[in-house]
Each structure stands twice: as C-alpha cells, then as structure tokens.
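For reference, the structure is listed below as structure tokens.
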Amino acid sequence: MTSEVSKKRTANYFRQVQASVFFKAGALLASFITIPIMIDYLGLEKFGVWSTILSVMTWLVLFDLGIGNGLKNRVSESIAKNNRQQTHSFISAGYSLIGCIAVLLWLFCFFVSYYIPWLRVFNTSALSETDMRLTVQISLSCVLANFCIGLVGAVLGGFQKTSLVALGQFYSNVISLVFVCLAWIVFSPSIVVLAIIYGGAMLFSSAALSVGFYKKNKDLIPKFLIRREYISPLLSVGLTFFIIQIAVLVVFTTDKILISQFFGPKLVAQYEVVMKIFALFSFVHALISAPLWPAYADAFYRKDNCWIKRMLSKQLMLFAVFVLAILITFLISDKLILLWVGEDFPISNNLISAVACFVIVSIWNNIFAMILNGAGKTGVQLITAILAMLVNFPMAYLLVKVYGFGVSGIIIAATVSLSFSAVFLPLQVFRFILKDNL
C-alpha cells in the first residue's frame with residue numbers, strides 16, 4: 001500500500017510540474033513583454049516608483065498570519081487521513097478567519113493612508129501626492145480582497161494541485177499584458193491606471209480558480225466557522241510561517257526601497273531588469289519545488305521517509321544544473337539586456353554578479369525549506385530568518401555608505417543575510433528529518 005501511494009505521489013508530482021511548466025512559461029513570457037512596455041509607458045522614474053509599490057504591496061500578503069500556509073498543511077494532513085469533513089472544517093475556518101483579518105486591515109490601512117507622506121516614502125517628485133495615495137489605496141484594496149479569494153491557492157496546494165495555482169498566475173499576467181498594452185495606446189502615463197489593471201487581473205484569476213475548484217467540490221464550499229478546535233491548528237503552524245515570511249520578505253523586498261532611498265527610483269529600474277533576468281531561474285525552480293511542499297507533507301504524515309530521501313537527492317542534482325545555467329547567463333547577460341531593453345540601459349557587472357549569487361543561494365535554501373515546511377519543522381527556519389532580517393539593513397548600509405559598493409552592496413547584504421539559512425537548513429534536514437526517520 002505504501003509503495004502504491006508513493007508511486008501515485010511521484011506521478012502526481014511530475015504531472016503538476018509538467019502542467020506548471022506550460023502555465024509558468026506563459027506567465028513569465030507575458031511578464032517579460034510587459035516590463036519594457038511599462039518602462040516606455042511610464043518612464044524610468046515612474047516605473048521605479050510603481051515597481052517599488054508592488055514590492056510594498058506584497059508585504060500585506062504576510063498579514064494573513066500565515067493562515068494560507070497553515071491551511072495548506074492541515075488540508076494535506078486531513079486528506080492523507082481520508083477525513084473530508086475535517087478538510088471542509090479547516091477550509092471554512094481559514095476563509096472565515098482571513099476574511100475578518102482582511103476587513104480590519106483594510107479599515108486601518110485606508111484611514112492611515114491619508115496621514116502618510118507618500119512622495120517622501122518613495123523619494124519621488126514625478127507624481128502628485130493625490131495620485132500616489134490613490135494608487136496605494138487601489139493596490140491595497142485589491143490585495144486585501146485577494147486575501148479571501150486567493151485562499152483557494154492554499155487549498156489547491158493541500159490537494160497537491162499546484163499547477164492550477166500556476167494557471168491562475170498565467171491568467172493574471174496575460175490579462176495584465178493585454179490591458180497594459182491598451183493603456184499604452186489609449187491613456188496618458190498613469191500608475192493609477194496600472195494599479196487598476198494589476199489589481200483587477202489578480203482578483204479575476206483568483207475568482208476563476210475558486211469557481212473551478214468549488215464547482216467540482218461542492219461539499220467543500222466554505223461556510224462561516226470560527227471554532228477554536230480548527231482555528232488553533234491553523235494559527236499554531238501559521239504564526240511560525242508568518243514570522244518566517246515577514247523576515248524573509250524584509251530581505252527579499254526591501255532591496256527596491258533601499259535602492260530608492262540611497263540612489264533614487266531610476267536605479268530601481270536597472271535593478272528590476274537584472275533581477276527579472278536571473279529571477280527566471282528562481283521562477284523555474286519554484287514551479288519545480290512548489291508541488292513538493294504538499295507532497296512532502298503527505299509523505300511525512302504517511303511516514304514515507306524513503307520517498308523524501310529519494311526526492312531530495314534528485315533536487316540536489318537539479319541544483320547543479322541550475323548553477324551551471326546561471327553562470328552561463330552571467331557571461332552573456334550584457335547581450336541579453338541589450339536584446340531585451342535596448343542599448344541605452346548600461347548596467348554594471350558588479351550588480352549582475354551580485355544578483356546571480358543571490359539567486360543561487362535562494363534556490364539552495366528553497367530546496368531544504370520545502371522539506372521542513374511540509375514536515376512542519378520550522379524552528380531553525382524561524383531563527384535563521386530573524387537573523388537575516390536583523391543583519392540585512394545594517395549590512396546594506398555599511399556596504400553602501402561606508403565602503404561605497406553602490407547598488408550591488410544592497411544585493412550582497414541580502415545574500416549574506418541568507419547565508420544563515422544556507423548552512424543551518426541543510427544541517428537540520430540531514431541531522432533530524434532524515435536521520436531520525438521523521
């Protein structure tokens with residue numbers, strides 16, 4: 001029985017990856033096409049501001065208190081136990097709790113937004129204070145609405161249907177591309193228009209996934225349910241993920257804010273172009289590793305340790321391939337940038353090499369984080385993530401202001417911050433998860 005379940009899990013994993021490749025490739029292509037169009041539509045400084053706003057908005061996703069990740073693990077567990085009623089209860093509790101959080105956050109943030117000097121926050125004079133505030137409010141409203149609608153992604157993850165999450169991203173990026181092109185033709189440069197486009201595309205894709213999933217699983221349609229026996233398990237795991245996510249996103253998303261503050265929004269555009277090129281590898285690795293989280297969770301609850309060891313071995317071999325591909329991309333990056341953006345976009349080799357190293361370390365960490373996330377063993381991740389958050393800004397300030405590293409110094413600081421996880425996550429996996437047979 002265990003062997004049969006293991007084979008089905010492996011087969012499903014490869015099906016999810018194969019489907020995700022198609023959807024993610026389409027989403028990535030749409031994103032790549034959109035970037036130069038937006039740069040031409042807004043200009044470098046406004047595009048830098050818009051790119052930074054998107055980064056800030058991703059922070060709000062964290063304020064679900066890790067409920068999405070907690071729900072993913074609990075759904076995986078209840079499915080492994082063949083308890084569909086429990087699955088429905090966890091789903092209902094997740095939607096109810098996150099809905100309450102979203103409403104409270106929206107009321108608070110919308111009120112506070114009138115008292116924040118947005119032009120000073122984003123270090124720009126290219127826009128009016130009114131446009132900046134309106135853009136933030138629209139983006140904020142769409143992100144918080146997607147708290148509830150987008151929770152279907154966690155449910156699909158728990159069902160080991162991660163390729164459908166990739167399908168949602170494909171929908172969102174293609175819709176965004178189409179309407180950005182229309183805005184480029186019809187409207188004068190406006191980040192308010194872009195906020196409406198991106199927010200609308202995100203909500204539409206989440207709604208489409210929700211309708212598709214719950215139409216086939218009517219017994220799982222969420223109801224309002226606030227009961228401690230279901231809320232507590234979601235939060236016990238979720239709060240740890242919440243803290244980890246905050247710490248990690250401080251490292252991953254403050255780069256644009258630091259660049260904007262130290263050097264101005266124009267250099268954010270240079271960083272964005274380089275990061276987009278190398279983020280391709282993170283993107284591809286994410287579609288390969290994303291189905292592993294619920295698969296590892298299923299294997300953990302079924303005590304299928306052999307499957308976890310076998311899959312980890314394959315992931316490490318794949319990592320070597322990624323490193324080689326990143327090194328080749330680094331060698332030809334100047335030609336890629338010239339082909340993609342144009343000759344009037346000079347970027348230093350120091351920035352390119354720093355981003356390449358950052359992506360390599362990120363992929364390495366992700367390999368081991370997937371196992372630990374699936375098993376719910378998040379203690380070491382929590383400590384290393386907090387250390388990374390605490391080290392990142394002081395290191396960036398030191399490298400930029402004292403040693404004059406320029407923009408690359410900010411990326412180097414982020415890479416150094418991730419080195420704690422790069423060392424201790426593999427140690428935890430090898431010493432505890434694999435050695436002690438879970």
Any idea how [X] and [Y] line up, ring-wise: parallel (<30°), tilted (30 to 60°), or perpendicular (>60°)?
| X | Y | value |
| --- | --- | --- |
| Phe159 | Phe213 | perpendicular |
| Phe281 | Phe322 | perpendicular |
| Tyr403 | Phe405 | perpendicular |

Heavy atoms, side chains only, cut-off 4.5 Å: are [X] and [Y] in contact?
| X | Y | result |
| --- | --- | --- |
| Cys306 | Asp304 | yes |
| Asn373 | Lys72 | no |
| Ile79 | Asp298 | no |
| Val429 | Leu425 | no |
| Leu97 | Tyr230 | no |
| Tyr171 | Phe23 | no |
| Leu387 | Phe424 | no |
| Arg74 | Gln86 | no |

[atom1] of [X] to [atom2] of [Y]: how many Å apart, nearest 0.5 Å?
| X | Y | atom1 | atom2 | value |
| --- | --- | --- | --- | --- |
| Cys181 | Phe179 | SG | CZ | 11.0 Å |
| Phe420 | Met389 | CZ | CE | 12.5 Å |
| Leu324 | Thr329 | CG | OG1 | 9.5 Å |
| Asn349 | Asp334 | CG | CG | 7.0 Å |
| Gln16 | Leu292 | CD | CG | 11.0 Å |
| Lys218 | His88 | NZ | NE2 | 14.0 Å |

Does [X] use its side chain to pair, donor to acceptor, with the backbone of [Y] at less than 3.5 Å?
| X | Y | result |
| --- | --- | --- |
| Ser31 | Ala27 | no |
| Ser205 | Met202 | yes |
| Ser96 | Leu225 | yes |
| Ser172 | Gln169 | no |
| Asn366 | Ser289 | no |
| Asn365 | Leu418 | yes |
| Tyr13 | Ile288 | yes |
| Thr87 | Asn83 | yes |
| Ser206 | Leu203 | no |
| Ser89 | Gln85 | yes |

Can you tell me if [X] has over 12 outside heavy atoms packed within less than 6.0 Å of its [atom1]?
| X | atom1 | value |
| --- | --- | --- |
| Phe204 | CZ | no |
| Phe319 | CZ | yes |
| Phe22 | CZ | no |

For side-chain contact (heavy atoms from CB on, under 4.5 Å), just list the numbers for Thr34 and Asn173, CA-CA rounded to whole Å, side-chain angles, deciding distance to a tenth of an Å, and then say yes or no.
CA-CA 9 Å; Thr34 304; Asn173 285 14; over 6 Å; no

Nearest atoms (heavy-atom pairs only) where [X] meets [Y]:
| X | Y | answer |
| --- | --- | --- |
| Ala396 | Ile410 | CB-CA, 4.3 Å |
| Leu140 | Cys109 | CD2-CB, 3.4 Å |
| Ala290 | Thr162 | O-CG2, 3.9 Å |
| Asn392 | Ser417 | CA-OG, 3.2 Å |
| Thr384 | Ser421 | OG1-OG, 3.0 Å |
| Ala295 | Trp307 | CB-CH2, 3.6 Å |

Can you pull the salt bridge (Lys or Arg N to Asp or Glu O under 4.0 Å) pairs that have at least one residue in residues 78-95, sequence neighbours excluded?
Glu77-Lys81, Arg84-Asp219

side-chain contact (heavy atoms from CB on, under 4.5 Å), that's the test. Do Leu258 and Tyr397 meet it? Break it down for me.
CA-CA 9 Å; Leu258 292 175; Tyr397 187 89; over 6 Å; no

Show, in sequence, the C-alpha distance, side-chain angles and deciding distance for Ile412 and Met395, and conclude whether the side-chain contact (heavy atoms from CB on, under 4.5 Å) test is met.
CA-CA 9 Å; Ile412 294 170; Met395 178 71 70; over 6 Å; no

With a 6.0 Å cut-off on the ring centroids, do Tyr198 and Trp50 count as close?
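Close enough - the centres of the two rings lie under 6.0 Å apart.
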
Met311 vs Tyr296, side-chain contact (heavy atoms from CB on, under 4.5 Å): CA-CA, chis, key distance, verdict:
CA-CA 9 Å; Met311 190 56 65; Tyr296 282 137; 3.6 Å; yes

